[in-house]
K.L.:
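The structure's right below; bear with me while I get my questions together.
These figures come from a predicted structure and were not determined experimentally. Chain letters run A, B, ... following the sequence lines, proteins first, then strands; residues in each count from 1.
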Amino acid sequence: MKYIIAVIQPDRLDEVLDRLSEKEIHLVTVMPVMGRGRQKGIAEVYRSHKEAGSLLRKVKLEIAVNDEFVEATIQAILVGGRTGNIGDGKIFVLPMEECIRIRTGETGGTAIG
Amino acid sequence: MKYIIAVIQPDRLDEVLDRLSEKEIHLVTVMPVMGRGRQKGIAEVYRSHKEAGSLLRKVKLEIAVNDEFVEATIQAILVGGRTGNIGDGKIFVLPMEECIRIRTGETGGTAIG
Amino acid sequence: MKYIIAVIQPDRLDEVLDRLSEKEIHLVTVMPVMGRGRQKGIAEVYRSHKEAGSLLRKVKLEIAVNDEFVEATIQAILVGGRTGNIGDGKIFVLPMEECIRIRTGETGGTAIG
Amino acid sequence: MGNGAKTAKLFLCAMVLVAAAASCGWADPPAGAGAISSGDTAWVLVSAALVMMMTAPALALFYGGLVRRKNVLSVLMQCMVVLCLVSVQWVVMGYSLSFGPDHGGVIGDFSWFGLRGVSASSSNSYASTVPHQAFMVFQMMFAVITPALIIGAFAERMRFGPFCIFILLWTTIVYDPVAHWVWGKGGILSCLDAGGNSVKGALDFAGGTVVHVNAGAAALACAIFLGKRKGFVDKLSPPHNLPFAVIGAGLLWFGWFGFNAGSALGANGLATSAFVATHIAAAVGGLSWGAMDWIFNRRPTVLGMITGVVAGLVAITPAAGFVSLTGALAVGIGSGVIPWVFVSIVKVKMGYDDALDAFGVHGIGGMWGAVATGIFALVSVNSGGSGLLDGNGSQVLWQLKAVGLTAAYSFGMTFGLLKLVDLVATLRASEHEEAVGLDLTQHREAAYTLVD
Amino acid sequence: MGNGAKTAKLFLCAMVLVAAAASCGWADPPAGAGAISSGDTAWVLVSAALVMMMTAPALALFYGGLVRRKNVLSVLMQCMVVLCLVSVQWVVMGYSLSFGPDHGGVIGDFSWFGLRGVSASSSNSYASTVPHQAFMVFQMMFAVITPALIIGAFAERMRFGPFCIFILLWTTIVYDPVAHWVWGKGGILSCLDAGGNSVKGALDFAGGTVVHVNAGAAALACAIFLGKRKGFVDKLSPPHNLPFAVIGAGLLWFGWFGFNAGSALGANGLATSAFVATHIAAAVGGLSWGAMDWIFNRRPTVLGMITGVVAGLVAITPAAGFVSLTGALAVGIGSGVIPWVFVSIVKVKMGYDDALDAFGVHGIGGMWGAVATGIFALVSVNSGGSGLLDGNGSQVLWQLKAVGLTAAYSFGMTFGLLKLVDLVATLRASEHEEAVGLDLTQHREAAYTLVD
Amino acid sequence: MGNGAKTAKLFLCAMVLVAAAASCGWADPPAGAGAISSGDTAWVLVSAALVMMMTAPALALFYGGLVRRKNVLSVLMQCMVVLCLVSVQWVVMGYSLSFGPDHGGVIGDFSWFGLRGVSASSSNSYASTVPHQAFMVFQMMFAVITPALIIGAFAERMRFGPFCIFILLWTTIVYDPVAHWVWGKGGILSCLDAGGNSVKGALDFAGGTVVHVNAGAAALACAIFLGKRKGFVDKLSPPHNLPFAVIGAGLLWFGWFGFNAGSALGANGLATSAFVATHIAAAVGGLSWGAMDWIFNRRPTVLGMITGVVAGLVAITPAAGFVSLTGALAVGIGSGVIPWVFVSIVKVKMGYDDALDAFGVHGIGGMWGAVATGIFALVSVNSGGSGLLDGNGSQVLWQLKAVGLTAAYSFGMTFGLLKLVDLVATLRASEHEEAVGLDLTQHREAAYTLVD
Ligand SMILES: Nc1ncnc2c1ncn2[C@@H]1O[C@H](COP(=O)(O)OP(=O)(O)O)[C@@H](O)[C@H]1O
Ligand SMILES: Nc1ncnc2c1ncn2[C@@H]1O[C@H](COP(=O)(O)OP(=O)(O)O)[C@@H](O)[C@H]1O
Ligand SMILES: Nc1ncnc2c1ncn2[C@@H]1O[C@H](COP(=O)(O)OP(=O)(O)O)[C@@H](O)[C@H]1O
């Protein structure tokens, strides 16, 4: 089982979610984040004071999947999230040891989906 | 050491925190997230335009624990978070290699609590 | 490759980001969280009703790095984040198996930076 | 929710009918008496606009900021609907029932149904220097805000359909008679007999009893009838947006000048005196509540300050046109202390869930204000009222009578109406609806996006 | 963006010139006629302040709450800039072009350039009981809000520099003539001939045609010209802050009393009548839209309610001073139903992206109101206007003529102006600017912090 | 914090005493002279309400939106407390000290203590057509907003208890005398001698010197005395909620019509002229600041626009009733340019931490306005004032004298008072309090929930 974390552009979220659905990956957790990356932040200016302004709004997705779904998940995110511009973001794959469904107490591969 | 991630219903947060405290698990990080799961989102309607509306408000907890606390943590979340309805959420257990307390620089098992 | 998670005091963020930059660690994802730790929360009072008030505002950083950067990252966070008071927070190091840059599809160590 | 949609269809049809009905008559009303003053008319119209603004956005924000994120829209919606619904009820029959020709001191009648005979150009003896319709529309805003105040009691757990029905019944069966008792010519508590002559009666300059005691008692009934929110008292999130509540309080204060000083029905010395008294009571109410917080809870809180300000405004409402500076200061101190004690101690002991303290602030504050009016009213301020300090102790009894009668009637009738409506359509949101929040379940909307 | 900075330099220079130019003349204007009434003046000044408040913060909030987080400042900024820019244009020449001496029924002239001859102390025959400048400044606020309404159509995708140029051209070339046609003495649609005598013309009490149909038609042109936002229609985030939109709607309602009842230009029976009609149409508009939502979308929504309220206010605007309660109720029902159908069904079929329904609400609502005025105007309410119900069917034709002419002129000219401006500076934000959001790309600011 | 609670107890006791004290006298005041005009009274009361609204919620929002999330409530609280505290001080003695019988041109006295002799029904010669109390309450709102403006300088780092003491001292020892100098009969800078006859003096129509220069100089003293916030200048988060600041600015603009046009103390030509001048200066101020941003920072910003608008309003305050359109345009341009240069360049060089630019905008803007009044005042606009353009160069000297005296006195006394208060109770929040935020540490509240 893997825990996949992806940071994407906010306006690609709907697209990525759709692509994931197409591959039968329905369960996702989403949250707003700020990111510092290669994409240059736009320096904000408040009453002529320039902010460092290195942080940009991004969206983070977290998806726990069984091993056989890892590739499909990555592909879906790549297809949905890619614009080809700097700032498209990253996918991180972490190992996961256990998954439990709170409602039923089920564990492991069956709990994940 | 494990890094436990749980996604729960927002209104179960206080209950889960209490259950965790009872088991002497005090240190927790909490954040609001949106989740797409089996629970059908309620389709929002704005001026007769129906949103896809698949994302629901959830709360995510992250708890780093020593191995001997894993079971207790999971149990506390299960007891506090379960309503028996779809949407109760999941617990994910990830391996963790190191933990450092910023204040003291302590590492490992002693830093965790 | 490691996935480093740090929870710090909100007002240390700028400092930590600067320290990280100095060590050539530019890529970071940041988000606001609430934390329950050893630092006693301040009990809020609303119309004489005291809240449990155990949750305090914190900031979470997530940084994916190649193994050789782990130490530098931790040091930067320790230096930038430490005030010496309870509540300074923690650093968690998780193993990471893969990293993919969405824009190019690159993977592994080259994708991380 | 078929019920709801049906109710909605009924709305639409009813309004078409009302439009049709109103179309007979109204056009050229028999002239009243008294020359229209442009200054007084400007003042009354501005005041009416200010009081309208108190319901939305002021009260809506004040209440909306105090609930949880998932219910804020439901509170805003309830305020908007009360504003719309009661306005229509008022022109159709509410005004006539409240201020129309008296029947036994208890209620008006349908003589002015659909504003028949309520002239836009000439005045009525209720307010002899402004058009009759200006008086009517000013009074409308009071009828609107009263049920809106009750929302605070049942916030976060009432279903929307039954809410609408309840409000419509409540304004007709509770507000209209009570307004008639106190303000209508010939009303049992009124200072005017059916012929418009001055008689002994309860003093209520701008609605301490009619609006606040009335709404407060109804709020208590609602809180008890609907029961506690899940998680009450210790597992409830704090106010989701206190700045909203502060904006709301600021705008309420602003609007209250229309409410109280506007009740002089002219731009004159009485309006000025009421304006000053209103402002001072609000300021002192805020300071006193803040001081109580500071002394007993170790810190003065913003929520405390604005609650005290509102309590001060509530308490000065019946008194504004009757008391001097001394009275205003005294009313202010009392309204920072008495509701504070009630909300912080008594309420907690009683254990009911009045979500936003509609009873604690408006009910208790209104009662204090009504009694204080009986104590501090001075003939030197307003020849129409003298109180205990002027040696007229009986006025206090009149005030108590008005408060008692109104509170009892309002509490009892509200309870009855809730039971009635509950038979037709369950009032209380289901456990699931409450957990998910009223915004999504009742209105299919979310107040804020998390991501974009 | 060198273009932008250049425009900015031009601004500064232009303003210095204007100040210099205005300095010749103006000082001691030839006195008009009519005694100034302090009550009427108080009312008109308050009304002007209220209408100013409608553009910022009311409309700004209403619109700003409905867009995405990354564009909210751009909408607020556009409202502020319109307010500033058009105010200056108005005193320089807009007022003169709109209300100055008539030329062929089509436009005023430059006689009152820089307010030359527009007295602050004596009145003009447009409003005989208030200072001429009070009338001027009241009218200014109408000139301001009209282009601000159009913002709803092109929200989230127009670059800021060209926007400023467009607004300045639009107010001069579209608003000023249309205002002259309908309200100027001698205007082709006006009820006053060049000598100020009553003649047959279109009825538009407070700007149903001049403001709403005009802005609505321009909005449609903008939506079509600029094209759809990326992600339209299914990949767009919902309103980022609905409570803001509700505050905005509440304040719009409050301000609209100045808009409509202020248009009586005095604190009198007519103002009172317009006040009541305005309030009732708003209330019924809200209820009707809510009912439509409930019936056809299963739930009444807050956004629906406030949209209906605004539609009701839009539709009653031309009618406020001409119709009785019946008319107001009818106008209200129509404005909850007709724009609802348009926005929910017709617009969807047509497929253009009018981001915040500026055409659907103001255009369609304004048209309905204009026609309804022709139907429901009663001489018993206002001797200056009779409609179909009074047996004067020809009034409906006048109304249709005014709507048709205004809509056609506004739509055509707007399209032309957009093309023109687009030649000089691209109107549409680049794909990247749209993705990152206008706040950061156009203004280097973020509306909210995420962390601190 | 025992200190705080003790202060709070003192509040409560003091207020009871005040109520008692005020109860002797006041009742039936000796009548003044002049017939009350309902139109003028309506206008002054509305204006007083508008100016009250400027402090809360308008200024509170403007300031509150610009600070960090953890301090927003502390700013709102400070605004509310100033409003409450100064209102009470004013009726007790502030009004008497400011406008009561003159003593040596420096200060009034306690003749009108507790409003003794300040009639609600008859007028005083300060304003002969409205009740004396209406004038008093209108002036009260100026006394309220002045210290509230200073909050911008020490935002995010002042402890609440000492803040309260400081404000009370400041309004009594700084505001009241300065108001007397400029507006009181016989004041050293006043245009009225002790007998009420016109004499040479400084022109300050609505408080450019009394309010803005005064508050600005005090703000500078506070910024210097309290020192920099931790993280200043590069590690401070940007404004946490700019839309709040925009709402605040919009409402300030709206309220400023009461501030400036209300200062005509009647609904007449002068009010109209002041209304127009106010509006135009605000608009041009916004445009000019926007243009400066565009030229020198590459993008026009929303924060810049609204800062310019406020600067324009500040600068036109002393001039509103004295200048023509030309003057208003010139004042507006200057107030977009001069404070911009100061805030963007001079302040940065000087390096003090005036958190929200209270000195930069109100101090500098107020000085510019005061001088500009001396330049652009025209007898043709107001027979009471002529400036350089009218050939009366000495007026500029009077203006400079007023500015200099006020700024010096205010700066010096403020510094002294801060030192004094600091001896009793530390003004500056501890490092820990500043890091956690004032909301939690001073008030035990959080503005927003993160989760629910
Ligand atoms: N190594 C990393 N650790 C944590 N977050 C990262 C890392 N690399 C990228 N990110 C996140 O992804 C976002 C996009 O990265 P960026 O470098 O701008 O784009 P790209 O990957 O296309 O070059 C960043 O804003 C940051 O939030
Ligand atoms: N595999 C997963 N990966 C990421 N998040 C998940 C996953 N499964 C569930 N979640 C999170 O848990 C929430 C609840 O899941 P849901 O399927 O609705 O409930 P249940 O587990 O009771 O069937 C989801 O909204 C989502 O945020
Ligand atoms: N074991 C843990 N699991 C998850 N979050 C933790 C853990 N320990 C600390 N945290 C986070 O770090 C924050 C600071 O921790 P705290 O115990 O207050 O400080 P310190 O580490 O200086 O004693 C907490 O509020 C919490 O958000």
Side-chain angles (χ1 to χ4, degrees), chain D residues 1 4-5 7-9 11-12 15-16 18-19 22-23 26-28 36-42 45-46 48-49 52-53 56-57 60-61 64 72-73 76-77 80-81 83-85 87-88 91 114-115 120-122 131 133-134 136-137 140 160 244 442-449 451-452, chain E residues 37-40 42-43 46 50 68-70 237-243 246-247 249-251 253-254 257-258 261 266-273 275-276 279-280 282-284 286-288 290-291 294-295 297-303 305-306 309 324-326 329-330 332-333 378 380-381:
Chain D
M1 257 294 142
T7 321
K9 272 189 210 166
F11 275 172
L12 271 187
M15 268 175 291
V16 172
V18 160
S23 76
W26 195 65
D28 209 2
I36 301 304
S37 149
S38 66
D40 291 349
T41 303
L45 290 183
V46 170
M52 176 263 146
M53 189 273 302
L61 274 170
V72 51
L73 291 181
L76 303 185
M77 182 70 166
M80 287 304 283
V81 166
L83 174 53
C84 293
L85 218 46
S87 296
V88 175
V91 292
L115 298 189
S121 50
S122 53
Q133 280 198 17
M136 180 281 299
V137 84
M140 177 199 286
F160 183 71
F244 274 2
Q442 306 298 301
H443 308 298
R444 296 268 183 274
E445 291 170 298
Y448 315 99
T449 53
V451 170
D452 214 0
Chain E
S37 149
S38 66
D40 290 350
W43 178 240
V46 170
L50 283 169
R68 285 167 292 172
R69 224 160 256 278
K70 62 186 174 187
S237 224
H240 91 283
N241 195 322
L242 271 181
V246 177
I247 309 174
L251 291 178
W253 191 335
F254 175 50
F257 291 123
N268 46 36
L270 185 58
T272 304
S273 179
F275 191 110
V276 173
H279 186 71
I280 291 301
V284 176
L287 292 175
S288 305
W294 213 336
I295 299 170
N297 295 331
R298 301 192 35 225
R299 285 289 185 293
T301 64
V302 182
L303 179 55
M305 277 289 293
I306 61 177
V309 162
S324 69
L325 178 62
T326 317
L329 289 163
I333 298 171
L378 297 178
S380 60
V381 172

K.L.:
Rounded to the nearest 0.5 Å, what's the gap from CZ on E:Arg299 to CE on D:Met77? Could you check?
P.N.:
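Rounded to the nearest 0.5 Å, the CZ-CE separation comes to 11.5 Å.
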K.L.:
Donor-acceptor pair, D:Glu445 side chain versus E:Leu303 backbone, under 3.5 Å?
P.N.:
yes
K.L.:
Starting at CE of E:Met305, measure out to CG of D:Leu73 and round the result to the nearest 0.5 Å.
P.N.:
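Between atom CE of E:Met305 and atom CG of D:Leu73 there are 12.5 Å.
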K.L.:
By a 4.5 Å heavy-atom criterion (distance strictly below it), what part of E:Ser37 contacts chain D: side chain, backbone, both, or neither?
P.N.:
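Only the side chain of E:Ser37 comes within 4.5 Å of chain D.
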K.L.:
Let me know if D:Val72 has heavy atoms under 4.5 Å from chain E in its side chain, its backbone, both or neither.
P.N.:
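Contact with chain E: side chain only.
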K.L.:
Quick one: pull up OG1 in E:Thr272 and CD1 in D:Ile36 and give me the separation to the nearest 0.5 Å.
P.N.:
7.5 Å
K.L.:
Do E:Asn268 and D:Thr41 come within less than 4.5 Å of each other through their side chains, counting heavy atoms only?
P.N.:
no
K.L.:
Under a plain distance cut-off of 3.5 Å, with no hydrogens placed, do D:Thr449 and E:Ser237 share a side-chain donor-acceptor pair?
P.N.:
no
K.L.:
Quick check for you: to the nearest 0.5 Å, what is the distance between D:His443 atom NE2 and E:Leu242 atom CG?
P.N.:
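One gets 11.5 Å once the value is rounded to the nearest 0.5 Å.
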K.L.:
Work out which heavy atom in D:Ala42 is nearest to a heavy atom in E:Ala267; give both atom names and the distance.
P.N.:
N-CB, 3.5 Å
K.L.:
Could you tell me which of E:Val302, E:Leu270, E:Val309 has the largest number of non-hydrogen atom pairs under 4.5 Å with chain D?
P.N.:
E:Val302
K.L.:
Should E:Trp253 and D:Pro57 count as side-chain neighbours, where that means a heavy-atom distance under 4.5 Å?
P.N.:
no
K.L.:
For D:Val451, is it the side chain, the backbone, both, or neither that has a heavy atom closer than 4.5 Å to a heavy atom of chain E?
P.N.:
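Backbone only.
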K.L.:
Please report the shortest heavy-atom distance between D:Ala49 and E:Phe257, naming the atom on each side.
P.N.:
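Shortest heavy-atom separation between D:Ala49 and E:Phe257 comes out as CB-CD1, 3.6 Å.
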K.L.:
Looking only at heavy atoms and a cut-off of under 4.5 Å, which of D:Gly64, D:Ala48, D:Ala56, D:Ala447 has the most pairs with chain E?
P.N.:
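Sorted descending by pairs with chain E, the first entry is D:Ala447.
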K.L.:
Any idea which heavy atoms bring D:Ala120 and E:Ser273 closest together, and the distance?
P.N.:
CB-CB, 3.8 Å
K.L.:
Report the option among D:Ala134, D:Pro131, D:Gly39 that has the most heavy-atom pairs separated by less than 4.5 Å from atoms of chain E.
P.N.:
D:Pro131
K.L.:
Checking side chain to side chain contact (heavy atoms under 4.5 Å, CB included) for the pair E:Asn297/D:Arg444: CA distance, chi angles, key distance, verdict?
P.N.:
CA-CA 9 Å; E:Asn297 295 331; D:Arg444 296 268 183 274; over 6 Å; no
K.L.:
Which atoms of D:Ala60 come close to chain E, meaning under 4.5 Å heavy atom to heavy atom: side chain ones, backbone ones, both, or neither?
P.N.:
neither
K.L.:
Go through the atoms of D:Leu45 and report whether side chain, backbone, both or neither lie under 4.5 Å from a heavy atom of chain E.
P.N.:
both
K.L.:
Give me the atom names and distance for the closest heavy-atom approach of D:Ser87 to E:His279.
P.N.:
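For D:Ser87 versus E:His279, the nearest heavy atoms are OG-NE2, 2.7 Å.
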K.L.:
Checking D:Met80 against chain E: side chain, backbone, both or neither under 4.5 Å from a heavy atom?
P.N.:
both
K.L.:
So what's closer than 4.5 Å to chain D heavy atoms on E:Ile280: side chain, backbone, both or neither?
P.N.:
side chain
K.L.:
Is it the backbone or the side chain of D:Ala446 that comes under 4.5 Å from a heavy atom of chain E, or both, or neither?
P.N.:
backbone
K.L.:
Tell me the closest heavy-atom pair linking D:Ser38 and E:Asp40, and the distance in Å.
P.N.:
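Nearest heavy atoms, D:Ser38 then E:Asp40: CB-OD1, 3.4 Å.
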